[in-house]
Each structure stands twice: as structure tokens, then as C-alpha cells.
Amino acid sequence: MGARVMAFDSSQQALRAEMLLEERDIAFDMIPTPGAITAGCALSLSFSTEELGRVMAVVQEEHIEIRGIFRASDSSGEGSFEQLV
Amino acid sequence: MNRASGKPVIYLDHAATSWPKPNSVLEAMRHSMLEEAANPGRGGHRMAIAAGRVLMRTRMELARLFGISNPSDIAFMPNTTAALNQAIKGLLRPGDHVIATMIEHNSVRRPLEYMRQEHGVQIDYVQVDETGKIDLLQLKSLCRANTRLIVCNHSSNLLGNVLPLTDIAEIARSRGAFFLVDAAQSAGVMDIDVGASGIDMLAFPGHKGLLGPQGTGGLYIHPSIDLVPLIHGGTGSQSEEANQPSVRPDRYESGTPNTVGIAGLGAGVRYVRSEGPAAIGRREWELTQSLMEQLSSVEGLRLLGPQLGEPRTGIVSFTLKGMDSAEIAFRLDRDYGIAVRAGYHCTPLAHHSANTSISGAVRSSFGCTTTRADIEALIIAMRDIAASV
């Protein structure tokens with residue numbers, strides 16, 4: 001789906017984020033963490049650029065520990081990533 | 001009445017472990033084992049993710065039950081003892097001072113004594129009266145500049161009395177000490193709110209009042225506290241790092257967890273939340289009152305713990321003049337099919353406080369399946385046994 005990838009250091013943090021985003025009807029996909037992102041957890045959540053604000057609000061309000069939120073530096077999504085948060 | 005080994009059993013040993021469990025607990029465990037018991041956090045396939053969701057859902061149920069804002073501050077442990085060991089050994093350093101009470105279980109006392117002998121930790125035990133009531137003035141007077149931890153149970157596993165957590169937490173806070181609570185006998189039968197009660201760490205069993213299977217339990221750790229993990233190893237996360245991760249709950253959960261058990265625990269907590277811990281505790285308290293009223297007229301029988309009308313969890317312990325507690329429990333089982341526990345209940349200091357160090361005591365303990373008929377059976381049996389002395 002998306003142009004943004006949220007990566008984690010713990011699968012439990014990823015799964016908690018998944019449940020909270022679902023509860024708030026924020027659209028996302030669960031994806032394998034792209035190899036270009038060094039993260040401790042194999043699961044990441046991707047979402048559209050428009051949802052970044054809502055996702056960040058959930059992360060902060062619920063104290064979810066993330067490795068970071070990234071955007072693909074090229075359009076394919078398979079190359080390098082730039083860390084936004 | 002339930003059946004085990006083909007013989008009818010009246011199970012009055014819920015303080016050791018609750019039995020039977022709700023059907024929903026069995027169903028959750030069966031479903032987990034049949035459908036999704038892969039290794040959570042290891043691998044990204046759908047079964048591993050489903051297993052991970054089981055852990056997170058149970059964590060969220062527990063967080064709602066105990067007023068914990070972030071479920072990641074709960075680490076699963078195999079039992080309360082492991083949780084208490086993690087809290088005590090992970091926090092204390094040489095030269096630290098700890099205050100506990102005279103009614104602590106060996107799951108607190110033994111780790112503390114180990115820390116005293118091997119790591120130079122200093123310990124004081126606050127006196128309690130014969131009914132288990134704690135001396136708060138003495139607690140205050142025992143606090144020192146290096147007091148790092150105050151630890152106590154919420155309810156004694158021998159006497160059933162309830163400790164004033166909020167008062168103790170206030171003393172801990174005012175002296176700059178952390179407050180650790182052993183909720184082995186209260187989780188699931190009393191309302192517990194870690195924030196409102198000022199609890200920094202809460203150790204709880206999954207298999208007693210929370211109605212999960214044995215092999216489950218947990219530790220809540222306030223986000224400001226960083227414990228040294230007792231167990232280091234694989235967490236399925238940050239695998240390239242040599243050091244234990246700092247991220248919760250992984251920091252405290254190395255090794256494959258008890259996924260099937262935690263699935264059952266989640267169902268148990270949902271059951272408890274639907275009934276309400278205080279409502280369950282109230283029913284158990286009413287049973288204790290009926291039993292105490294009847295047993296108080298049995299000649300030679302001495303009831304332990306708080307007086308009639310006072311708060312207690314579903315525990316009624318007693319002694320009978322002229323008969324060893326182990327003999328009473330043996331006869332209750334053999335002749336009446338009643339399962340209770342006898343002896344010292346892993347709490348020798350509490351026996352000292354209750355003046356039962358020599359005799360030990362018989363402990364009957366109730367759960368959400370205990371009925372008035374069960375209590376009546378115990379009363380009739382104890383009248384018989386007392387008459388035979």
C-alpha cells in the first residue's frame with residue numbers, strides 16, 4: 001500500500017501497533033521489513049502518506065516503541081530508505 | 001462437586017491453584033494448540049504472527065484488569081515466584097536495604113535472603129499481629145536513606161488478611177523506595193489498579209484467581225524502572241546484537257514462551273473481567289464468613305487470620321487441638337473427598353506470627369466455583385474429626 005514504512009525492534013510492539021491502528025480504522029498493510037531498513041523485527045507496517053499524522057498520534061499516545069518511520073527514496077520501494085521519524 | 005481419578009472431590013485448595021477452569025480457558029488452549037501454536041516472534045509466517053497476537057491480546061487483557069496503561073510493561077513469567085525473583089534480583093544492588101513483612105511467602109523471603117548472603121543486601125521484616133495486621137509505624141521507622149525496595153503480599157497465603165497497599169505505597173513513595181506487590185492471592189479476586197495504588201511492580205500468577213493454566217504468570221514493571229534481566233537469550237528481535245535488547249517486553253522474555261498457556265490465561269482474564277474481580281471476591285468472602293461462623297463452635301478448633309466481618313480473601317486456615325494438621329488434611333481427603341492443604345504453606349514467618357510454628361495449619365481456600373454445599377461438607381467433616389480427637 002503505502003509510501004511509509006514503520007519498523008520495530010519487537011514483534012510484540014509491531015502487533016500492538018497493528019491492533020491499535022485497526023481499532024482506529026487506519027488503513028495499513030503488514031509487510032516484511034525491507035532489507036534496507038535495519039530493524040530488530042521482521043514485521044513492519046506500511047501506510048499511505050496521508051495517514052502519517054494519525055499513525056504518529058497513536059505511537060505517541062500509546063507509547064509504542066518503534067525503530068522508525070521511513071520512506072522509500074525511490075519509487076520502487078525496494079531501494080534505500082530515508083528515516084522520517 | 002467435581003471428579004478426579006473417578007472419585008468425587010470437593011476442591012478447596014484454590015490458593016494453591018484454581019480448579020476447575022472455565023470451559024472458555026480449555027477451548028482457548030485447544031484452539032491455540034490446534035490452530036496457531038507456532039513460535040511467536042520467530043518468523044513472519046501467518047501462524048507465528050497469530051501466536052504473537054495471542055500474547056499481545058492476553059497482555060492487553062491483563063493491562064485493562066490492572067489499570068496498566070501500556071501492555072508492554074507486562075512481562076510474562078512462568079509463575080509468581082519467577083516474577084518476584086526477576087523483580088528482586090533485577091533491582092537490588094550491594095548495599096541496598098529492603099523492607100518486607102513477616103507474612104511473606106518463601107517466594108519473597110528466599111530471594112531476599114539469597115541477596116543478603118551473596119550480594120550484601122540488608123533486610124528488615126516488619127512485624128504483624130496474630131491476625132496478620134501490619135505495623136505501619138514500625139514500617140516507617142525501618143526506612144533508611146538506602147531503602148531501595150518495600151515488598152509485601154496483597155493477601156497472606158496463610159491468613160487471608162488484606163494489606164493496606166495504598167498506605168504502604170505512600171510510605172515507599174515518601175522515602176524514595178520502590179514498591180513491589182506479590183498479588184498471588186489477590187489477582188482476580190480483588191480490584192487492583194497499579195496507578196491508583198502506587199504500585200511500581202506487580203507480580204501475579206496466571207493459574208490462581210485469573211483462572212489460567214499452571215505455568216503462567218507475569219510481572220508489571222513501571223516504565224521508569226530498568227531491571228537487569230534474569231534470563232538472557234533469544235527474543236526473536238535485534239538478533240544481530242550481542243546484548244539483551246532494551247525494548248519491552250522482549251527484554252524480560254527470552255526463550256520460547258508458553259503460548260498455549262497464555263492463550264488460556266487470556267480467556268481466564270476475560271472471564272474474570274466479565275464477572276468483576278470484586279464480585280468474585282465478595283462471593284468468596286461470604287463463603288469464608290459462613291465457614292468461620294460454623295467452625296468457631298467446633299471444640300478445640302482455632303481459626304487463624306482476621307476476625308469475622310473483616311476483609312479477607314477466600315482463605316480460612318485453622319488448627320485443631322490434639323491433632324496434627326497433616327493428619328486432618330489426610331482424613332479430609334481419604335474419608336470425605338475434601339482437598340485442602342496442610343503444613344507450613346511456604347510461609348514459616350507467618351506461622352511464627354500466628355503462633356502455629358509447631359502445629360502447622362489446615363488451609364481451606366475457595367474459588368469462583370466453590371459452593372455453599374462444599375462449605376457444608378467441610379463443616380460436617382470437621383465436626384466429625386473433632387469429635388474423634
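Here is how names work: the chains are called A, B, and so on, in the same order as the sequence lines, proteins then strands, and each is numbered from 1.
- With hydrogens and angles ignored, the 3.5 Å screen pairs no side-chain donor or acceptor of B:His222 with any backbone N or O of B:Ile225.
- If you measure heavy-atom distances from B:Arg59 to chain A, the contacts under 4.5 Å come from the side chain alone.
- The candidate with the highest count of non-hydrogen atom pairs below 4.5 Å against chain B, out of A:Gln13, A:Arg16, A:Arg67, A:His63, is A:Arg16.
- From A:Met6, atom CE reaches atom CG of A:Leu21 across 5.0 Å, with rounding to the nearest 0.5 Å.
- For the pair B:Arg53 and A:Glu18, the salt-bridge criterion is met [side-chain N within less than 4.0 Å of a carboxylate O].
- Summarising the geometry of B:Ala172 relative to B:Phe178, their closest heavy-atom pair is CB-O, 4.4 Å, with the distance given to 0.1 Å.
- For residues 66-78 of chain B, a heavy-atom distance under 4.5 Å to chain A picks out B:Ser69, B:Asn70, B:Pro71, B:Ser72, given by residue number.
- Looking at B:Glu61 and B:Arg273, a side-chain N of the basic residue comes within less than 4.0 Å of a carboxylate O on the acidic one, giving a salt bridge.
- Under a 3.5 Å cut-off, the side chain of B:Asn258 and the backbone N or O of B:Gly215 do form a donor-acceptor pair.
- No side-chain donor-acceptor contact under 3.5 Å links A:Glu65 and A:Ser10.
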